[in-house]
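Counting begins at 1 with the first residue of the sequence.
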Amino acid sequence: MDVKNLRNTAYVEMGDQVTFSLSLDYKYRLIWPKLIALVLCSIVLIGCGDDKSRSTPASGRLQVVNAISDSRILRIEFDSIVLDTLSYAQATVMKAGTPTELSMSIQYAASSGMAELIIEDYPVVLVDQRSTRVMLSGSVDDPLVTLIEQDWVLLEEEDARVQFFNGVSSKKRFDVHIVEPTISEVADVPLTTVAPVSSGALYPILPGFHRVLVTEEGDSKVLYDTGPFEVTGGSNELFALIDYFGPGTAPLRMVRVGLGSVTAFIEEKLPAAIRVAQFIPDMPTIDLRVGSSEEAPLISSVPFGLGDYVEIETGSKIVNVTMESSPDDVLFSEPFEIVAGEYRTLVVAGTNYDSSIDGRLTLDSTRRTEGDTYISVVNAARMAGRVDFYISKGNDVSSLTPVFSNLSFLANAPVLGSADTYDIKFHAAGDSTPVVGPETVVLETGIYSVWLTESEGGGEPFQMIYGDDFVN
């Protein structure tokens with residue numbers, strides 16, 4: 001496969017080699033003006049939201065959807081012109097252009113700053129009065145392309161149509177049931193069965209509120225439930241089954257592919273999960289309570305350190321940290337929005353003796369991407385003040401720039417890199433002397449977490465606590 005260095009990419013230098021990159025996700029969003037002009041000469045952006053807005057007599061429409069579950073950033077090119085970049089479960093805006101045959105190439109942006117050509121010169125034909133959706137699925141090592149083509153049909157307001165795509169990597173067949181909004185169990189034959197890496201037919205559906213239940217073929221156990229949602233009159237809906245990486249046992253989730261974006265179902269029935277990173281050095285154990293502090297603890301007797309995930313109800317919740325078995329002694333309380341399908345960590349730190357305890361709810365990444373090492377860094381040591389974080393090969397950082405500078409108390413930040421052996425350390429902000437470290441760690445492709453904390457009892461010596469792939 002061809003490999004070339006990516007332009008407009010920021011790197012962090014570590015010792016003798018450049019390995020870790022920052023903010024690659026959107027470095028291609030502002031592509032060069034000349035390229036934009038070239039793209040728009042052949043593909044004109046449609047700025048409206050339904051089929052009735054078409055005004056070009058001879059025109060086809062094109063959209064690309066990324067359902068490659070181990071991809072981080074894909075660079076989409078047609079006839080060697082960069083059209084857009086997509087993360088997982090994202091889509092380009094539906095665009096229109098003169099009917100012609102285009103050559104599509106897809107590059108995968110690795111964290112090392114290299115671009116790997118994973119699809120080359122794939123033919124895509126724009127046909128007059130038809131829309132073409134390019135559905136990308138599979139994996140970075142084995143990408144799959146499915147073309148979904150539809151004639152443009154102007155539907156009446158009392159009509160709508162729906163279509164399903166199966167991009168789940170398990171390659172299983174799934175039954176799709178459309179039911180009344182109040183129904184949550186399968187009691188009838190499915191509307192359709194969707195084969196792997198394929199889409200079914202277009203089905204008529206009445207505008208209004210519906211619900212979709214997904215099961216394995218021939219089974220009645222519901223794997224995924226959209227919850228109630230509305231279909232508007234005159235719309236053509238595409239619902240895509242994709243891989244799911246959140247709490248619970250669901251192997252998939254369904255998303256709505258619109259003309260300009262991919263969105264989740266607002267009331268989808270997926271769990272959320274929370275864990276506690278308990279770094280209050282003068283509190284041996286704490287309780288986590290949701291709602292009133294008088295409620296029974298969701299998690300009891302949390303010791304100093306990193307706890308396990310437990311499922312939590314979704315919605316707006318008051319999260320209370322109290323002394324163990326003492327609900328009246330509230331150490332921290334704050335409202336949070338708990339979102340379905342997300343893992344969260346409540347980091348609580350500071351000391352009880354001076355009422356300095358505070359908390360931060362962080363969003364945890366659980367989807368591993370090809371070739372990437374993901375590290376989440378949190379400063380949970382109030383007594384350490386602001387700190388700099390280094391990842392290097394070797395202990396001398398005098399000529400290096402910190403990966404993260406001036407991290408305040410409870411600040412957290414992610415960094416992407418490549419698998420290797422590194423020395424990691426925290427320094428007081430702007431200081432050459434480590435607060436803690438260096439410690440040598442072996443990082444593989446995966447997800448890692450590092451917390452700077454005080455010692456049990458409070459203050460120095462400061463320590464690093466590791467989580468996720470460090471311990472899993």
* Asked: Considering residues at least two apart in sequence or located in another chain, which fulfil the side chain to side chain donor-acceptor pair (under 3.5 Å) criterion with K317?
  ->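 Residues passing side chain to side chain donor-acceptor pair (under 3.5 Å) with K317: E313.
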Count the heavy atoms belonging to other residues, nucleotides or ligands that lie under 6.0 Å from [atom1] of [X], then report whether that count exceeds 12.
X	atom1	value
E185	CD	no
D308	CG	no
E294	CD	yes
L363	CG	yes

Considering only NZ, NE, NH1 and NH2 on the basic side and carboxylate oxygens on the acidic side, decide whether [X] and [Y] come within less than 4.0 Å.
X	Y	value
D70	R368	no
E216	K172	yes
R382	D354	yes
R75	D84	no
R253	E268	yes
R256	E237	yes
D468	R275	yes

* Do P327 and R289 have side-chain heavy atoms sitting under 4.5 Å apart? ->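 The answer is yes; the side chains approach within 4.5 Å.
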* Do the non-hydrogen side-chain atoms of M383 and T351 ever get within less than 4.5 Å of each other? -> no
* To do: Please list, chain by chain and in numerical order, all residues satisfying ring pair (Phe, Tyr, Trp, His ring centres under 6.0 Å) with Y309, sequence neighbours excluded.
  => Y343
* **Residues forming a ring pair (Phe, Tyr, Trp, His ring centres under 6.0 Å) with F165, sequence neighbours excluded** => none
* Asked: In this structure, which one of F174, F229, Y224 forms a ring pair (Phe, Tyr, Trp, His ring centres under 6.0 Å) with F239?
  -> F229
